[in-house]
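Just below is one structure, and these are the notes that go with it.
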Amino acid sequence: MKARRTDLLAVLASGTFAGAQLMIAISFGAQWRAMSDTDLVAHFAGDWINIATTIIPFALLQTILLPLSLYFAWTNKSARQAWIVSLATRLINCTMTAAYHFPVVWGAMQGEYAAANMHSIVAQWVAVHWIRIVLGYATFLFAVLGTLRADLSTTTS
């Protein structure tokens, strides 16, 4: 196997990001459900500072590496198709983050939510987050597929 480094790094970044998204839903989701209303208001936004410093580098890395892998695989139709799907699921995930998830977190940071409403807001946030997890794992799996297809074409030619 002689996969390109770009492809392998795209796979690693995508897999790490997907795993981090799952960790957020399971670990932090359980923690947030167990908090009182006032503790949730106090901690939800603060937790996001810590989460963001961990997850954003992988988000940015895959956002750079996926298009590069697609570019390098462009002449290989089978690999190109997998990289297109991988990039598309990443872009959908980014759109959901920008349109819904980040504004909710920002609103929490700005103190826009009443303590009595915070549990339902966070519960909805986590529920919609599961779609992002599925998209994250789809991004990862199609990156693996693109890497394998690109590698197979180089070993058989």
Side-chain angles (χ1 to χ4, degrees), residues 6-71 73 78-150:
T6 306
D7 295 357
L8 294 175
L9 290 172
V11 166
L12 288 171
S14 298
T16 302
F17 183 78
Q21 287 185 302
L22 182 61
M23 184 274 310
I24 290 166
I26 293 172
S27 299
F28 283 96
Q31 174 185 307
W32 294 327
R33 276 191 306 275
M35 289 181 174
S36 69
D37 292 346
T38 53
D39 284 346
L40 185 55
V41 168
H43 288 93
F44 180 69
D47 286 343
W48 276 102
I49 306 267
N50 297 324
I51 291 169
T53 58
T54 304
I55 201 169
I56 287 175
F58 294 101
L60 293 174
L61 192 57
Q62 71 175 323
T63 303
I64 294 166
L65 292 170
L66 292 170
L68 278 174
S69 292
L70 172 60
Y71 173 78
S78 180
R80 180 178 68 227
Q81 289 172 335
W83 285 113
I84 286 171
V85 173
S86 183
L87 182 57
T89 56
R90 173 71 192 130
L91 293 175
I92 293 167
N93 205 330
C94 288
T95 301
M96 288 181 69
T97 301
Y100 175 72
H101 286 86
F102 180 74
V104 171
V105 171
W106 185 255
M109 288 178 173
Q110 301 304 309
E112 293 178 13
Y113 307 120
N117 298 333
M118 198 63 182
H119 271 98
S120 62
I121 290 166
V122 172
Q124 179 178 337
W125 189 98
V126 172
V128 176
H129 181 70
W130 282 100
I131 298 168
R132 293 172 58 215
I133 294 167
V134 170
L135 288 167
Y137 277 99
T139 300
F140 167 67
L141 292 174
F142 277 97
V144 169
L145 186 60
T147 300
L148 292 174
R149 287 179 175 176

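Both backbone and side-chain heavy atoms feed into the values below; hydrogens, waters and symmetry mates do not. Computed from a prediction, not measured in an experiment: that's the story for all the values here.
- Considering all non-hydrogen atoms of both residues, A79 and G146 come closest at CB-O, 3.7 Å.
- Between the side chain of S69 and the main chain of L66, no donor-acceptor pair closer than 3.5 Å is present.
- Counting heavy-atom neighbours within 6.0 Å of F17 CZ, excluding the residue itself, gives a total above 12.
- For the pair T16 and Q62, the minimum side-chain heavy-atom distance is 4.5 Å or more.
- At a threshold of 4.5 Å between non-hydrogen side-chain atoms, the residues W125 and V105 count as touching.
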Side chains of residues 82-94: which donor-acceptor pairs under 3.5 Å do they make with residues two or more places apart or in other chains?
{"residue": "S86", "atom": "OG", "partner": "T139", "partner atom": "O", "Å": "2.8"}
{"residue": "T89", "atom": "OG1", "partner": "V85", "partner atom": "O", "Å": "3.2"}
{"residue": "T89", "atom": "OG1", "partner": "S86", "partner atom": "O", "Å": "2.9"}
{"residue": "T89", "atom": "OG1", "partner": "T139", "partner atom": "N", "Å": "3.4"}
{"residue": "T89", "atom": "OG1", "partner": "T139", "partner atom": "OG1", "Å": "2.6"}
{"residue": "R90", "atom": "NE", "partner": "T63", "partner atom": "OG1", "Å": "3.1"}
{"residue": "R90", "atom": "NH2", "partner": "A59", "partner atom": "O", "Å": "3.4"}
{"residue": "R90", "atom": "NH2", "partner": "T63", "partner atom": "OG1", "Å": "3.2"}
{"residue": "N93", "atom": "OD1", "partner": "R132", "partner atom": "NE", "Å": "3.2"}
{"residue": "N93", "atom": "ND2", "partner": "R132", "partner atom": "O", "Å": "3.1"}

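- Using cut-offs of 30° and 60° on the angle between ring planes, the pair F44 and W48 is perpendicular.
- With rounding to the nearest 0.5 angstrom, the CZ atom of R149 is 11.5 Å from the CZ atom of R80.
- One finds the NE2 atom of H129 at 11.5 Å from the OH atom of Y100 (value rounded to the nearest 0.5 Å).
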Let me have the donor-acceptor pairs involving side chains of residues 19-26, under 3.5 Å, with sequence neighbours excluded, atom names and distances please.
none

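- When side chains are defined from C-beta on, L9 does not count as touching L61, because their heavy atoms never get closer than 4.5 Å.
- When all heavy atoms of A108 and M118 are compared, the pair lying nearest together is CB-CE, 3.8 Å.
- With contacts defined as side-chain heavy-atom distances shorter than 4.5 Å, the pair D47/Q31 qualifies.
- Considering V41, V122, L40, V104 in turn, V104 is the only one that fulfils the side chain to side chain contact (heavy atoms under 4.5 Å, CB included) rule with Y113.
- Here the shortest heavy-atom pairing between A150 and D7 reads CB-OD2, 4.0 Å.
- Heavy atoms from other residues, nucleotides or ligands lying under 6.0 Å from CZ of F58 number 12 at most.
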| request: Decide yes or no on side chain to side chain contact (heavy atoms under 4.5 Å, CB included) for L148 and V144, but give the supporting numbers first. | output: CA-CA 6 Å; L148 292 174; V144 169; 3.9 Å; yes
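- At most 12 heavy atoms of other shown residues, nucleotides or ligands fall within 6.0 angstrom of atom CH2 in W106.
- By the side chain to side chain contact (heavy atoms under 4.5 Å, CB included) test, T38 pairs with S36, A115, sequence neighbours left out.
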